[in-house]
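What follows is one structure encoded as structure tokens, with my remarks underneath.
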Number of protein chains: 2
Amino acid sequence: MKDLNISLKQLRYYLTAAKHKSLRQAAKELQISQPSLSAQLKLLEEALGVALFERTRGGIMLTPLGKELIPESKAAVDAAQAIVEAANYSTSGPSGTFKLGVSPSLGPYSLPWILPALRHEFTNVKFFVKEEAPLSLVDGLTDGSYDLIFTPLPVDDPTLTVVPLFREPLFLVVNANHPLAKYEHIEPSQLSGLDILTIEEHHHFFKQVESLSQRFNAHLLLDYEGSSLDAIRQMVYMEMGATFLPALYIRSEIRDRDELHVLTIKGESIYRSHALVWRNSSPLRGFYRELAEFFHLRIKEEFDETVIMM
Amino acid sequence: MKDLNISLKQLRYYLTAAKHKSLRQAAKELQISQPSLSAQLKLLEEALGVALFERTRGGIMLTPLGKELIPESKAAVDAAQAIVEAANYSTSGPSGTFKLGVSPSLGPYSLPWILPALRHEFTNVKFFVKEEAPLSLVDGLTDGSYDLIFTPLPVDDPTLTVVPLFREPLFLVVNANHPLAKYEHIEPSQLSGLDILTIEEHHHFFKQVESLSQRFNAHLLLDYEGSSLDAIRQMVYMEMGATFLPALYIRSEIRDRDELHVLTIKGESIYRSHALVWRNSSPLRGFYRELAEFFHLRIKEEFDETVIMM
DNA sequence: TAAAGGTGAAAGCTTTTTCCTATCACAAGA
DNA sequence: TCTTGTGATAGGAAAAAGCTTTCACCTTTA
């Protein structure tokens with residue numbers, strides 16, 4: 001990069017002197033002494049190697065080149081002013097485009113109810129939302145691909161701040177023609193031998209369903225893994241097996257109870273927890289705490305009958 | 001004007017740090033020490049009152065606002081760079097739009113033969129040409145309305161540099177039906193009582209024709225003054241009187257010798273002189289001397305049979 | 001596990017830049 | 001002749017920019 005030996009101050013001085021056609025008047029406006037102004041304009045002329053002004057006893061006048069360099073000088077000073085103003089505006093509230101990473105089993109069934117209110121509350125804040133599996137979310141947060149993630153737990157990294165927000169119940173879902181569909185609540189023993197479908201291995205959800213299957217002696221189907229909750233819902237609909245689905249998903253996507261039946265297991269409370277997570281080193285961590293509180297309130301307002309607040 | 005407390009250097013440092021995501025790498029590119037860069041970025045952040053970077057042990061990353069201020073920062077630095085480049089370009093030759101003032105009795109009959117060659121020779125120089133009576137030209141040069149004037153002499157102002165270029169003969173012009181039209185040369189006594197037309201009083205030309213009329217005992221018509229040389233040529237054509245016209249005007253505008261007759265006066269050499277004039281205080285006076293030489297050469301090439309070089 | 005190598009920050013010092021006051025040189029106007 | 005206006009010059013003080021050295025902390029390698 002070519003060395004720039006001119007300063008914004010010098011450009012301001014030049015524009016002001018051009019305006020007044022008098023070094024004394026300009027110095028007065030700038031609130032510096034006239035010899036200082038004279039010296040700085042001389043330095044600017046020397047740095048550029050050209051004469052910008054013609055000095056006469058009646059004052060100064062711009063040379064043709066001096067006139068020609070006015071627009072670019074004004075552009076530089078105006079751009080700097082815009083930076084200062086944007087920053088001033090920003091100190092009165094957070095600003096910019098934030099990269100928010102979410103789990104695909106959580107984001108689509110919660111964020112549409114949160115983001116509009118968020119945009120209303122923090123008007124200069126934009127979110128660029130991307131879905132990715134939770135393990136990838138944590139990696140992305142660590143390496144700076146995301147500023148913030150909204151993800152199922154667990155997250156075990158001491159460089160990250162984890163703010164748990166709520167617990168989301170998981171329910172057993174079977175086809176309406178399934179023998180278990182005649183019940184609202186079943187005994188754990190009734191799960192024995194049941195074919196259980198789930199989504200891909202790198203999701204926390206997979207591990208949880210695997211654990212549940214082992215616990216209830218059910219049979220976890222590994223040959224027909226789904227790529228999303230929608231996919232496994234379709235498989236249940238096609239009588240390929242049963243599955244566990246999160247409450248927010250059920251709330252959002254399962255309306256036709258003639259096709260799919262939702263059950264609870266007696267004496268069992270099955271949940272997964274969700275949190276907002278950010279890097280400890282972020283200078284915006286104060287704002288992220290505010291955001292976490294906002295999320296918490298919004299989720300409470302919107303999903304209080306579905307989830308358990310933390 | 002709001003006080004700008006950020007510098008172009010700081011903006012360059014910020015852009016370079018953003019590019020490298022490492023203060024050490026950026027400092028290396030900028031050829032300053034890392035602690036200096038760190039300190040300057042901190043000062044920039046303090047001046048703006050916002051965090052532009054998040055610091056981690058693996059390096060730095062931009063905050064959302066840090067990202068948002070990149071385009072304006074680049075705009076400021078690029079504008080300054082453009083100033084430096086324009087100035088560098090300019091030191092390899094004069095540049096800008098020059099305000100050239102010319103007399104209406106000279107400019108139209110000379111500049112069309114000079115300006116194209118001038119543009120070819122000085123490619124970054126533009127002329128904004130304006131015609132005005134010579135006394136107004138001098139006033140305009142003194143007050144800065146013109147950078148340069150091309151004018152008939154005399155010019156008597158010690159703050160101005162006057163470079164005489166050539167002498168332009170004046171010829172007597174009569175209608176082709178006039179008794180004097182049968183001659184190519186006449187005696188001074190033949191002018192006695194002749195009606196003489198001229199242009200307005202505030203032109204040097206008026207004073208010269210007035211002086212000639214008195215000298216040859218001719219009758220200067222004051223009731224029918226022309227506003228231009230074209231106007232008095234028409235009056236001569238309409239047999240309202242005779243007139244003196246400059247050689248360049250005759251060369252350019254009088255082709256039909258069946259209508260108007262051009263005479264010389266025996267034993268008399270009648271001229272007016274023309275010069276380029278600029279302010280002594282102009283930092284571009286070196287360039288104006290060059291220009292004067294170029295005018296001189298060009299006039300010699302184009303008008304050598306019409307005028308007398310000085 | 002220890003050593004090496006990477007990160008940005010803090011501290012103290014030197015150099016450079018920016019700004020000040022006082023004055024000068026020159027001109028125009030009263 | 002004096003007053004008032006212009007921009008420039010000279011010398012000094014204060015602020016800013018940059019340096020080297022070192023620190024704290026982490027990761028990687030042998």
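Note on naming: letters A, B, ... go to the chains in the order of the sequence lines (proteins, then strands), and numbering restarts at 1 for each one.
- With values rounded to the nearest 0.5 angstrom, Lys99(B) atom NZ is found 10.0 Å from Lys130(B) atom NZ.
- By the ring-ring contact (aromatic ring centres under 6.0 Å, His included) test, Phe150(B) is found to be paired with Phe295(B), residues two or more places apart in sequence or in another chain being considered.
- For Pro35(B) and Thr159(B), each mapped to the nucleotide of DNA chain C holding its nearest heavy atom, the one lying further toward the 5' end belongs to Pro35(B).
- Among the protein residues, Phe53(B) comes within range of no part of the nucleic acid, since none of its heavy atoms lies under 4.0 Å from any strand.
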* Criterion side chain to side chain donor-acceptor pair (under 3.5 Å) on Gln40(A) and Tyr14(A), from CA distance to verdict -> CA-CA 9 Å; Gln40(A) 284 300 316; Tyr14(A) 156 56; over 6 Å; no
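- Here NZ of Lys9(A) is found 10.0 Å from CG of Leu30(A). Values are rounded to the nearest 0.5 Å.
- For Arg279(A) and dT7(C), the CZ to C1' distance is 16 Å, given to the nearest whole Å.
- Over its full length, the helix from dT1(C)-dA30(D) to dA30(C)-dT1(D) turns its helical axis through 10°, comparing axes from the five pairs at each end and rounding to 10°.
- Residue pairs meeting the side-chain hydrogen bond (donor to acceptor under 3.5 Å, both in side chains) criterion with at least one member in residues 286-296 of chain A: none, sequence neighbours excluded.
- To the nearest angstrom, C1' of dT18(C) lies 12 Å from CG of Leu37(A).
- Distances shown here put every side-chain N or O of Arg57(B) at or beyond 4.0 Å from the OP1 or OP2 atom of dG6(C).
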* **Leu48(B)/Asn5(B) under side-chain contact (heavy atoms from CB on, under 4.5 Å): CA gap, chis, key distance, verdict** => CA-CA 9 Å; Leu48(B) 295 176; Asn5(B) 209 21; over 6 Å; no
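- Between the CZ atom of Arg24(B) and the C1' atom of dT21(D) there is a distance of 12 Å, given to the nearest Å.
- Taking every heavy atom of residues 41-51 of chain A and every atom of DNA chain D, pairs under 4.0 Å involve Lys42(A), by number.
- Checking dA17(D), dG7(D), dC26(D) against every side-chain atom of Lys9(B), the shortest atom distance belongs to dA17(D).
- The shortest distance between the side-chain N/O atoms of Gln40(B) and the OP1/OP2 oxygens of dA17(D) is below 4.0 Å.
- In terms of phosphate contacts, Ser36(B) brings no side-chain nitrogen or oxygen within less than 4.0 Å of OP1 or OP2 of dA17(D).
- Here Ser38(B) reaches the OP1 or OP2 of dA9(C): one of its side-chain N or O atoms lies under 4.0 Å away.
- Atom CD of Gln25(A) and atom P of dG7(D) are 9 Å apart (whole Å).
- Ion pair Arg55(A)/Glu45(A) flagged as a salt bridge, since at least one NZ, NE, NH1 or NH2 atom sits closer than 4.0 Å to an Asp/Glu carboxylate oxygen.
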Going by atom type alone, with no hydrogens or angles, which donor-acceptor pairs under 3.5 Å involve a side-chain atom of residues 56-71 of chain B and a protein atom two or more places apart or on another chain?
| residue | atom | partner | partner atom | Å |
| --- | --- | --- | --- | --- |
| Thr56(B) | OG1 | Gly58(B) | N | 3.3 |
| Thr56(B) | OG1 | Gly59(B) | N | 3.4 |
| Thr56(B) | OG1 | Gly59(B) | O | 3.0 |
| Thr63(B) | OG1 | Ala51(B) | O | 2.9 |
| Thr63(B) | OG1 | Leu52(B) | O | 3.3 |
| Thr63(B) | OG1 | Gly66(B) | N | 2.9 |
| Glu68(B) | OE1 | Gly96(A) | N | 3.2 |
| Glu68(B) | OE2 | Ser95(A) | OG | 3.3 |

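- Spacing between atom CG of Leu23(B) and atom P of dG8(C) amounts to 4 Å, rounded to whole angstrom units.
- Look at CG on Leu62(A): it is 13 Å from P on dG7(D), rounded to the nearest Å.
- Rounded to an integer number of Å, the gap from CG of Asn280(A) to C1' of dT7(C) is 17 Å.
- When the ring-ring contact (aromatic ring centres under 6.0 Å, His included) test is applied to Phe122(B), the partners found at least two apart in sequence or on another chain are Phe287(B), Phe294(B).
- For the pair Tyr13(B) OH and dG18(D) P, the computed distance is 4 Å after rounding to whole Å.
- Summarising the geometry of Ala275(B) relative to Val162(B), their closest heavy-atom pair is CB-CG1, 3.7 Å, with the distance given to 0.1 Å.
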